[in-house]
Amino acid sequence: MHAEHLTLALPSESETLALGGALAAAIIGNRLPGMVIWLEGELGAGKTTLVRGLLRAAGETGPVKSPTYTLLELHVVSGLHFYHFDFYRLNQADEYLDAGLDEYFSGSGICLVEWPDKAAPYLPAADMRIELQVEPRDGESVGRIARITANSERGRTCLAGVKSSSTLRPA
């Protein structure tokens, strides 16, 4: 099986939220249980903003914050369990296992993982990997580029849904 790729321009926060909305629509519309999405990028690249857009589009009305200190935030919306992980504060990959977080990846929940490299090599492979990169634009304003890679059948199904979104533009 081959990986599929898509690169999108995200010139403002609203486009990052829209990408999250497109992901939610694809996940919910195609019922993709057990989906694992890795979110990569430097601090401030928009990983949590992307998750916020996804969860809001899925129907979450409560707060959507980064689980930097708690490691995990659970959101139950649209009949699905969304597990939002942030492994930034892990000092060693073994801490992932010690905390029992591997159990969340064996069910039908959707796992959204910020800083997946911190839990390597224990973290399951990503169905979809989204790398967010800050790009200077017009000398002053800051935009972002999203590089999306689908690595599995679930990931390719989700990516096809994202590609069909009329609100996103390729970079």
Q | Transitive ILVMFWY cluster of Tyr122, excluding itself - 4.5 Å side-chain cut-off | A |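 Tyr122 shares its hydrophobic cluster with Val36, Trp38, Leu43, Leu71, Leu72, Leu74, Val76, Tyr83, Phe85, Phe87, Tyr88, Leu90, Tyr96, Leu97, Leu101, Tyr104, Phe105, Val113, Trp115, Leu123.
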
**Q.** For Thr149, side chain to side chain donor-acceptor pair (under 3.5 Å) partners two or more places apart
**A.**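 If we apply the side chain to side chain donor-acceptor pair (under 3.5 Å) test to Thr149, skipping adjacent residues, the hits are His5.
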
Q: Using the test side chain to side chain donor-acceptor pair (under 3.5 Å), find all partners of Thr157 that sit at least two apart in sequence or belong to another chain.
A: none

Q.
For Gln133 and Arg144: C-alpha separation, side-chain torsions, deciding distance, then whether side-chain hydrogen bond (donor to acceptor under 3.5 Å, both in side chains) applies.
A. CA-CA 5 Å; Gln133 184 175 0; Arg144 285 164 177 69; over 6 Å; no

Q) Below 4.5 Å, heavy atoms only, C-beta onward: do Ile145 and Leu8 meet side chain to side chain? A)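 Not in contact.
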
Q: Flag the pair Met128 / Asn151 as yes when at least one side-chain heavy-atom distance between them is below 4.5 Å, and no otherwise.
A: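 No. Closest side-chain heavy atoms not under 4.5 Å.
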
Q: To the nearest 0.5 Å, tell me how far Ile130 CD1 sits from Leu6 CG.
A: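 One gets 9.5 Å once the value is rounded to the nearest 0.5 Å.
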
[X] and [Y]: which non-hydrogen atoms are nearest, and at how many Å?
{"X": "Ala45", "Y": "Val134", "result": "CA-CG2, 3.9 Å"}
{"X": "Ala146", "Y": "Leu132", "result": "CB-CD2, 3.7 Å"}
{"X": "Ala120", "Y": "Ala93", "result": "O-CB, 2.8 Å"}
{"X": "Leu32", "Y": "Ile110", "result": "O-CD1, 3.0 Å"}

Show every salt bridge (Lys or Arg N to Asp or Glu O under 4.0 Å) that has at least one partner inside [range], sequence neighbours left out.
{"range": "residues 41-57", "result": "none"}
{"range": "residues 117-128", "result": "Asp127-Arg154"}
{"range": "residues 84-104", "result": "none"}

Once side-chain contact (heavy atoms from CB on, under 4.5 Å) is applied, do any residues pair with [X], and if so which ones, sequence neighbours excluded?
{"X": "Thr70", "result": "Pro67, Glu73"}
{"X": "Ala26", "result": "Asn30, Cys158"}
{"X": "Ala58", "result": "Ala24, Ile28, Val77, Ser78, Phe82"}

**Q.** Co-membership, hydrophobic cluster, residues Met35 and Leu80, 4.5 Å side-chain
**A.**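 Same cluster: Met35 reaches Leu80 through Ile, Leu, Val, Met, Phe, Trp or Tyr contacts under 4.5 Å.
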
Q. Is Leu17 linked to Leu112 within one hydrophobic cluster, defined over Ile, Leu, Val, Met, Phe, Trp and Tyr using a side-chain heavy-atom separation of less than 4.5 Å?
A.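 Not linked; separate clusters.
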
Q: Determine, stepwise, if the pair Glu114 / Thr48 fulfils side chain to side chain contact (heavy atoms under 4.5 Å, CB included).
A: CA-CA 8 Å; Glu114 296 186 37; Thr48 300; 2.8 Å; yes

Q | Residues that Glu4 engages under salt bridge (Lys or Arg N to Asp or Glu O under 4.0 Å), provided they are two or more places apart | A | Lys163

Q | Residues which pass salt bridge (Lys or Arg N to Asp or Glu O under 4.0 Å) with Glu40, listed by chain and number, not counting sequence neighbours | A |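 Partners of Glu40 under the salt bridge (Lys or Arg N to Asp or Glu O under 4.0 Å) test: Arg129.
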
Q | Candidate pair Leu54 and Leu19, rule side chain to side chain contact (heavy atoms under 4.5 Å, CB included), full reasoning | A | CA-CA 8 Å; Leu54 188 157; Leu19 173 54; over 6 Å; no

